[in-house]
Amino acid sequence: MTWLDSQATVAVQAPRMREAMGTSAVDRAKAGDVSAFRELYATHHRQVTRQLTFLVPRADLEDVVQDVFIEVFRSIKRFEGKSAFTTWLYRVTVHVAMKSRRKHTRSRLDIVEEVPEQVDERPRPEDVSLSSERQARVEALLEKLSPKKRAVLVMHDLQGVDAQTIAQALDTNILTVRTRLFYARRELEALAKDDPALAEFFEGGEA
Amino acid sequence: MSAHLSEEQLEQVAGGVSDATLDAHLGQCIDCRTAVRSARGRRRLLKALTPYTLSDMAFRRVEARLMEQVEDGLPSRWPAWLVWGAPVVAAAAVALVVVAPWERAPVDAPVTKVAVTKVTPKPFATMVATFASPDAKVRYGDDAWRALVASDEVTSGAAVSASRLTLATLTGARLVLEADGAFAVGGQAMVVLGAGAVTAAGDAEVLAGARRVTSVDAVFRVERTAAEVMVDVASGEVLVLDEGSSQRRALRGPSRVRWADGTALEAGVTEARGDWKAPVAPKAPAARLDVGALPEGTLLAVDDLSYGATPFSFMLDEGRHKVQLTPPGQPTQERFVDLMGGQPFLLALAPPAEREVEAPEPDARALAQVMADLKRQTPRLRACYEKWLKANPNASGQVDLVLVVSARGAVKRASVKGDPISAESAACLKTTAKALVLSPLGSEQELEVPLVLTTGKR
């Protein structure tokens with residue numbers, strides 16, 4: 001069984017050893033070496049998947065991970081090495097995630113891939129954990145946000161990415177990121193308050 | 001302190017950071033206390049979410065499918081699926097005319113009629129010209145002007161000019177430049193406005209003088225003259241930022257405010273709204289219609305929309321379009337063309353015989369073999385919903401399993417249509433389908449496999 005690690009933030013810079021190996025594989029992949037591309041997948045697929053969590057619906061995660069690496073293979077010749085490969089890969093991941101939001105081919109059941117459960121036995125400060133139903137409801141609320149608002153909210157508030165990095169990944173500026181974040185937060189709060197199953201998170205005394 | 005807490009201060013308090021000044025304000029401001037409570041609720045909610053991921057098996061499946069695609073050669077960026085049993089019409093066959101490359105005449109004259117406005121496309125999402133009038137030009141810095149045609153790329157720092165020009169990104173943003181120098185923006189873009197007007201729908205940012213106007217899903221217009229900036233909001237809300245003082249002011253539609261240069265944001269004059277229409281953001285065009293083979297002066301209309309007389313170049317959406325050609329002195333020809341993404345379509349005066357070429361259907365023998373493969377492996381699929389059927393003995397209905405199968409017979413994607421079974425059974429069907437072993441079909445196909453649910457005797 002595979003366990004998720006506890007790191008919730010996005011690591012845009014990979015460890016030195018991994019980066020060195022990645023650089024070599026990148027050069028070979030740029031030259032068309034298929035085995036190098038396999039190495040890149042092996043090195044980065046989990047990180048890409050973490051970055052896509054909540055950015056795309058659960059049911060689409062497998063397909064979008066595949067799409068990311070297809071785009072990597074298509075575009076890797078344009079990677080000039082001015083930034084770290086992981087930085088470039090992150091921008092590709094976000095770009096593909098945003099594009100995937102516009103694809104609606106067939107209506108289908110919301111198939112849930114069997115995923116390993118993350119079991120954290122440590123007591124949480126607020127002593128609140130989401131049941132699977134509530135988790136599904138929150139994920140559904142995130143789905144209701146526009147793709148751009150959802151992306152900024154997920155990347156900033158869930159993945160802990162700073163506004164500057166988000167701006168670069170989304171090819172916009174910090175002001176736009178903060179504006180979208182502002183509206184996304186207000187919208188999510190309004191939606192959650194209207195859901196009887198989630199309203200209790202907003203109850204409590206005055207600030 | 002301002003009338004209310006800023007967003008940053010709200011998050012600071014909601015996150016538990018103590019500050020005497022902020023606490024004192026909260027003691028007197030009900031609105032801010034409410035906002036902090038909402039922020040705390042949102043933070044608790046998001047913190048309680050459990051990230052989802054893929055299983056090791058799913059990662060191996062993705063790797064296998066990737067390697068197969070990489071080794072086979074990646075498909076076009078805009079793949080067209082072939083549906084089993086529903087023939088797809090490919091591009092119409094037209095005259096065998098070899099067209100000379102689109103010649104770009106050097107253009108020396110600078111812009112005289114149209115205001116030059118700097119376009120700042122996103123460096124990652126390539127800007128492509130999808131429509132260009134014959135006088136469309138582009139230049140970078142102090143370089144000479146050169147002609148700009150559809151399918152040309154425009155990158156950061158470009159200055160563009162045309163009586164009509166549409167720029168697009170792969171993400172669907174549009175910039176349409178009209179004859180008076182105005183841009184209509186439908187989608188995500190940033191425009192530095194020298195003079196003229198921008199009409200925007202969607203996410204947009206316009207820098208006009210010292211005012212930066214940002215919106216999320218608003219419909220608005222910004223006009224810039226020598227000494228004034230006007231912002232007219234039809235719907236939604238925009239934020240106006242003064243670049244010099246960093247003051248911000250939100251404008252909610254419908255409203256219209258005008259500022260003289262150098263005045264504070266609060267000094268804007270409210271006035272009656274103007275009469276303008278929001279731009280319509282079309283679907284992402286993906287196919288170039290090449291009209292170079294038509295006689296000069298041929299009038300062209302596509303989908304009942306007149307584009308004027310050739311020569312010009314433009315791109316359209318994939319799919320079927322009605323085209324009407326009226327060469328000089330000749331009657332109008334009308335036909336339908338089917339455009340496929342990534343491939344230019346040469347439009348010429350048609351010879352009498354035109355036929356639409358249907359895409360080849362899968363080989364019948366190969367299909368029969370795949371049918372036999374599916375039939376042989378049906379028990380594996382049936383096992384997914386047998387338990388559900390036993391628990392629901394009166395249930396009946398049909399579920400369609402939709403498979404995307406590679407040329408080699410590997411199931412690349414599987415989805416389930418119909419909802420008479422449980423989510424657990426549907427998930428099992430999808431997982432099992434991806435592991436099916438099928439004979440090669442010779443090309444990628446999309447198959448629909450109906451599964452009739454019954455508790456009758458086998």
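This structure is a prediction, so every number in the text was calculated from the model and none was measured. Sequence lines set the chain letters: A, B, ... in the order given, protein chains first and strands last, and positions in each chain run from 1.
With rounding to the nearest 0.5 angstrom, the CD atom of A/Gln66 is 5.0 Å from the CG atom of B/Leu66. To the nearest 0.5 Å, atom CE of residue B/Met67 and atom CZ of residue A/Phe73 are 8.0 Å apart. One finds the CG atom of B/Leu46 at 6.5 Å from the CG atom of A/Leu142 (value rounded to the nearest 0.5 Å). Remark: A/Phe201 CZ to B/Arg42 CZ distance equals 14.0 Å, nearest 0.5 Å. Remark: B/Thr431 OG1 to A/Glu62 CD distance equals 8.0 Å, nearest 0.5 Å.
Partners of A/Glu139 under the salt bridge (Lys or Arg N to Asp or Glu O under 4.0 Å) rule, at least two apart in sequence or in another chain, are A/Arg58.
A/Glu189 contributes no side-chain N or O that, together with a main-chain N or O of B/Gly41, makes up a donor-acceptor pair within less than 3.5 Å. A donor-acceptor pair is defined here as one N or O able to donate and one able to accept, closer than 3.5 Å; such a pair exists between the side chain of A/Tyr41 and the backbone of B/Phe59. Proximity of a side-chain donor or acceptor of B/Tyr52 to a complementary backbone N or O of A/Leu61 within less than 3.5 Å is not detected.
A salt bridge links B/Asp56 with A/Arg46: the distance from a Lys NZ or Arg NE/NH1/NH2 to an Asp or Glu carboxylate oxygen falls below 4.0 Å. A/Arg178 and B/Glu7 are not joined by a salt bridge, as no carboxylate oxygen comes within less than 4.0 angstrom of a charged side-chain nitrogen. A salt bridge links B/Arg413 with A/Asp67: the distance from a Lys NZ or Arg NE/NH1/NH2 to an Asp or Glu carboxylate oxygen falls below 4.0 Å.
Applying the 6.0 Å contact sphere to CZ of B/Arg43 captures more than 12 heavy atoms from other residues, nucleotides or ligands.
Within the 4.5 angstrom heavy-atom criterion, only side-chain atoms of A/Tyr183, from C-beta onward, approach chain B. Heavy atoms closer than 4.5 Å to chain B are found in the side chain of A/Ser146, but not in its backbone.
With a 4.5 Å cut-off on side-chain heavy atoms, A/Thr176 and B/Arg212 do not count as touching. Using a 4.5 Å heavy-atom cutoff, the side chains of A/Gln135 and B/Thr50 are in contact.
For the set A/Arg186, A/Arg38, A/Lys193, the count of heavy-atom pairs under 4.5 angstrom toward chain B peaks at A/Arg38.
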Next on the checklist: salt bridge (Lys or Arg N to Asp or Glu O under 4.0 Å), that's the test. Do A/Glu200 and B/Arg44 meet it? Break it down for me.
Outcome noted: CA-CA 10 Å; A/Glu200 71 174 67; B/Arg44 277 199 292 268; over 6 Å; no

